**Q** 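Dropping a structure here in structure tokens format, bear with me for questions.
Please read all numbers here as calculations on a predicted model, not as lab measurements.
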Amino acid sequence: MRVRNQTGSTLTKVAREHTLKHLAQSLRQVGMNVKLENIAAKHIERYISMQQDAGVSARTLQNRMSHIRTELKAIGRDKLAQSERLSGEALGIDGANRDGTHRALSQAQYDQVLERAQALRPDFAAAIELQRELGLRAREAIQCASSLKSWERALQRGDRVHVLHGTKGGRARDTLANNPQKALQAVQRALEAVKENGGRLIPSASLQGAVRAYGRLCTSVGLSGAQASHALRCSYAQERFAIYLEQLGDLREALAATSLDLGHGDGSGTYVAQVDLKNAPAA
């Protein structure tokens, strides 16, 4: 099975392709060798049942069904895509909780992680600082090398930082540093590391290689599980939200402003509250 619908971000299209391959492979294992053009509700029901038996979460299965429905619509099989038999309720995968599982780091925890990272690799430590001070996703930090000079100038002027590379869905955004001086120092350390690494912050033969390397480095200094590198972004978000709430005096406005800085859009305040602001730093 191959992806027919080419809309969405690169990551979304990759995830869709993975779902279709997994669907086909799983069905072949039980003797059902069918193409998407000929697939029936019973095949998809069997696939979801197999995944439930394997312990796959309801949230993951919701995402996979979204991919399958999108592809069914792309080949003109809207009736099957919208079938009651394939609804979340009928498949037993509705009602998944979207609350965030990442827990922001306390200042003491962050200081400890940063100290370990600095002892390990300066470029790695700089990426961690950028995530924490500017609320970057891991990929945004990894791919920021060509933006660092403009970030340095923006921070020196007291302006917003323009995040262009590695963003979700390719949607550029402007974000504010909670502590401009700390953010500027992080950017300058990253510039030094990029110079040493020949133009990249996390050197690797490919982007995926850099992502994997960064993930392994994060795990090695204690950034894993509920406090994986996304926890750095949560720490930024909670601090940013507190600043906006004090400035604006309105919960919804503060959530909307924080959402924009994180790159979600001003209508994603509820999502920010559930995912990025859910868990307060550990004591």
**Q** Output yes when a side-chain donor or acceptor of N197 lies under 3.5 Å from a complementary backbone atom of G199, and no otherwise.
**A**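 No; judged by distance alone, with no hydrogens or angles, the pair does not exist.
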**Q** Please report the closest heavy-atom contact between K73 and A81, naming both atoms and the distance.
**A**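 The pair with the smallest heavy-atom distance is CG-CB, 3.8 Å.
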**Q** Would you name the heavy atoms of A231 and L105 that are closest together and state the gap between them?
**A**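 The pair with the smallest heavy-atom distance is CB-CD1, 3.3 Å.
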**Q** Do you know which two heavy atoms are closest between G135 and R233, and how far apart they sit?
**A**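 Closest approach of G135 to R233, heavy atoms only: O-NH1, 2.8 Å.
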**Q** Just by distance, do the side chain of S259 and the backbone of L255 share a donor-acceptor pair under 3.5 Å?
**A**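 Not confirmed, S259 side chain does not pair with L255 backbone.
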**Q** What pair of heavy atoms forms the shortest contact from L155 to A177, and how long is it?
**A**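 Looks like CD2-CB, 3.9 Å.
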**Q** Is the closest side-chain heavy-atom distance between Q143 and L164 below 4.5 Å?
**A**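 Not in contact.
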**Q** Looking at Y244, is R240 sitting on its ring face, NZ or CZ under 6.0 Å from the six-membered ring centre and within 45 degrees of the normal?
**A**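 Yes - R240 lies over the ring of Y244, closer than 6.0 Å to its centre and within 45° of its axis.
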**Q** When you measure from the side chain of S220 to the backbone of L217, do you find a donor-acceptor pair of N or O atoms at a distance under 3.5 Å?
**A**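 Yes; at least one donor-acceptor contact below 3.5 Å.
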**Q** Going by atom types alone, do Y214 and Q131 pair a side-chain donor with an acceptor below 3.5 Å?
**A**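 Short answer, yes.
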**Q** Can you name the closest pair of heavy atoms from I202 and A213 and give their distance?
**A**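 In terms of heavy atoms, the two residues are closest at CG2-CB, 4.5 Å.
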**Q** So, the side chain of S87 versus the backbone of S83: is there a donor-acceptor pair under 3.5 Å, distance only?
**A**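 Side chain of S87 to backbone of S83: no pair is present.
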**Q** For the atom pair CD (E71) and NE2 (H67), what is the distance rounded to the nearest 0.5 Å?
**A**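 Rounded to the nearest 0.5 Å, the CD-NE2 separation comes out at 9.0 Å.
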**Q** Just wondering, do L72 and L36 contact through their side chains at under 4.5 Å, heavy atoms?
**A**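 Yes, their side chains come closer than 4.5 Å.
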**Q** Backbone N or O of H162 within a donor-acceptor pair of the W151 side chain at under 3.5 Å?
**A**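 Between the backbone of H162 and the side chain of W151 there is a qualifying donor-acceptor contact (under 3.5 Å).
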**Q** Going by heavy atoms in the side chains, are I39 and L23 under 4.5 Å from each other?
**A**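 They are in contact (side-chain heavy atoms under 4.5 Å apart), so the answer is yes.
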**Q** Around atom CD of E115, are there more than 12 heavy atoms of other residues, nucleotides or ligands at under 6.0 Å?
**A**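 Not more than 12 within 6.0 Å, no.
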**Q** For S147 and S150, which I'm curious about, is there any donor-acceptor pair between the side chains at under 3.5 Å?
**A**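 The answer is no; no qualifying pair exists.
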**Q** Checking side chain to side chain contact (heavy atoms under 4.5 Å, CB included) for the pair L61/L91: CA distance, chi angles, key distance, verdict?
**A** CA-CA 10 Å; L61 293 178; L91 294 171; over 6 Å; no
**Q** Any donor-acceptor pair under 3.5 Å linking the side chain of Q109 with the backbone of S106?
**A**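 A pair under 3.5 Å: yes.
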**Q** State which residue, out of R189, Q185, Q118, fulfils the side chain to side chain donor-acceptor pair (under 3.5 Å) condition with E129.
**A**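 For E129, the side chain to side chain donor-acceptor pair (under 3.5 Å) check succeeds only for R189.
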**Q** What's the shortest heavy-atom distance between R132 and Y236, and which atoms?
**A**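 Scanning both residues completely, I find the closest heavy atoms to be O-CB, 3.3 Å.
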**Q** Could you tell me if R59 and Q62 have a donor-acceptor pair between their side chains, going purely by distance under 3.5 Å?
**A**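 Yes, a side-chain donor-acceptor pair sits under 3.5 Å.
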